[in-house]
Amino acid sequence: MQSNTFSGLFDGRNVITLQRVPSTNEYLKDELSKSTPLREGTVIMAVEQYAGRGQQGTAWQSEPGKNLTFSLLLMPSFLDPKHQFRLTVAISVALAQWLESLLQTPVTIKWPNDMYVGDRKIGGILIENILQGKIWKSAVVGIGINVNQTEFSPAIGAHTASVKQILHTDCDLTELMTDLCRYVERSYQGLKNGTYDAQLAFYTQHLYRLGELHPFLVDGVRVNGVLSGVTETGRLQVDFNHHTVDFDIKEIAFVI
Ligand code: BTN
């Protein structure tokens, strides 16, 4: 793990821990809409998040006090809004690298930004962007990682993992959050300093099921294809008999 002290963006002065909140993303967006400006690097962490949100309108469930549920404020005005996928890549790479170092086991990124160990999801990211005209004003980066929870509802249990299930020990959530924020900061600074190509290479190499033949659901129809990469705008590329088709998130689903 990296050292415990914050520096630069996430210097620890702007970590707000809330006992109980519907959703840290919603809370941070509400705060942003108020007149007092928030500093880039502000972190909203919840002990209990009772109406957590996932991608595509799904719910994110987390047992109170057991997991990481937090949101970070970034201000990526250095990026053209048409490059929104680059932030997804930078944050996904940070999480995957942090998880691999913590767990000492391979972690893959299920497109676009779920964290997987084997065929089980251990964490997810919900990035909500706030644009002002052509300027990318802010990004609320919500991160959920299953840490000390070991029992999950039957509906998701078979496809869900936690840090404790892998390391067989409880972890301190504040320490983990601090360490993870350092990875996010490093990746975000890398994005600012022009290392996106390397980040995209890492992201692509770590894609869940890259280069493997698997079934997908396309318009509700089950078809076999080989996941081959992503386009510049973040569409998923799948080869069907050497004919490549790209999809957005509403157009294709993995069969797991
Ligand atoms: C997903 O896998 O679909 C994304 C999950 C993101 C969950 C986190 S928990 C903290 C933040 N607040 C939310 O309501 N969602 C994100």
Side-chain angles (χ1 to χ4, degrees), residues 10 14-33 38 41-74 84-85 87-96 98-99 107-130 138-149 152-153 155-163 171 173-174 176-178 180-181 183-184 203 206-208 234 236 248-250 252-254 256:
F10 301 110
N14 295 287
V15 178
I16 299 165
T17 303
L18 304 168
Q19 196 56 39
R20 194 167 186 270
V21 70
S23 152
T24 55
N25 268 35
E26 289 306 314
Y27 183 92
L28 186 48
K29 285 193 294 175
D30 273 3
E31 289 300 302
L32 276 173
S33 66
L38 288 178
T42 296
V43 177
I44 308 293
M45 189 168 169
V47 174
E48 177 178 358
Q49 180 178 250
Y50 59 88
R53 297 193 299 105
Q55 288 179 66
Q56 294 188 278
T58 57
W60 182 258
Q61 288 167 0
S62 178
E63 207 178 308
K66 296 261 172 142
N67 301 312
L68 280 180
T69 47
F70 67 104
S71 301
L72 314 168
L73 176 61
L74 296 177
Q84 289 179 34
F85 180 61
L87 187 64
T88 297
V89 169
I91 303 295
S92 302
V93 165
L95 256 72
W98 171 74
L99 279 167
V107 170
T108 56
I109 302 166
K110 179 167 157 279
W111 176 82
N113 52 16
D114 287 343
M115 297 295 127
Y116 266 63
V117 176
D119 285 320
R120 289 168 182 254
K121 178 165 171 172
I122 194 163
I125 305 167
L126 178 64
I127 302 180
E128 298 185 88
N129 295 318
I130 297 155
S138 43
V140 170
V141 178
I143 298 177
I145 307 281
N146 300 325
V147 179
N148 295 322
Q149 184 170 342
F152 296 90
S153 71
I156 60 166
H159 300 293
T160 305
S162 70
V163 172
C171 292
L173 295 177
T174 305
L176 290 192
M177 184 275 288
T178 306
L180 173 51
C181 283
Y183 276 77
V184 170
Y203 176 93
H206 284 74
L207 279 173
Y208 175 72
L236 185 71
D248 84 13
I249 191 145
K250 288 180 238 56
I252 190 164
F254 289 77
I256 297 173

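Just so you know, ligand 1 is whichever comes first in the structure, and atom 1 is the first atom listed for that ligand.
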With a 4.0 Å cut-off on heavy atoms, is K121 touching ligand 1?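 K121 counts as a contact of ligand 1 under the 4.0 Å cut-off.
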
Ignoring hydrogens and geometry, is there a side-chain-to-backbone donor-acceptor pair from [X] to [Y] under 3.5 Å?
X: Y183; Y: A96; value: no
X: N148; Y: C171; value: yes
X: W98; Y: C181; value: no
X: N129; Y: Q84; value: no
X: Q49; Y: T69; value: no
X: N113; Y: S92; value: no
X: S162; Y: Q149; value: yes

Can you tell me the protein heavy atom closest to [atom] and the distance?
atom: atom 10 (C) of ligand 1; result: T24 OG1, 3.2 Å
atom: atom 15 (N) of ligand 1; result: R53 O, 2.7 Å
atom: atom 3 (O) of ligand 1; result: Q55 N, 2.7 Å

Can you list the atoms of ligand 1 that are under 4.0 Å from a heavy atom of [X]?
X: I125; value: 4 (C)
X: D114; value: 2 (O)
X: G54; value: 1 (C), 3 (O), 4 (C), 5 (C)
X: G52; value: 14 (O)
X: F70; value: 10 (C)

Using a heavy-atom cut-off of under 4.0 Å, does the side chain or the backbone of Q49 touch ligand 1, or both, or neither?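 Near ligand 1, Q49 shows its side chain, while the N, CA, C and O stay back.
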
Are S71 and N25 close enough that a side-chain donor and a side-chain acceptor fall under 3.5 Å?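 Yes, side-chain donor-acceptor contact under 3.5 Å.
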
Hey, is ligand 1 close enough to S23 that some N/O pair sits below 3.5 Å?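 Right, the criterion is met.
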
Below 3.5 Å, N or O to N or O, backbone or side chain included: is there any such pair between W60 and ligand 1?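 N/O-N/O distance below 3.5 Å does not exist for this pair.
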
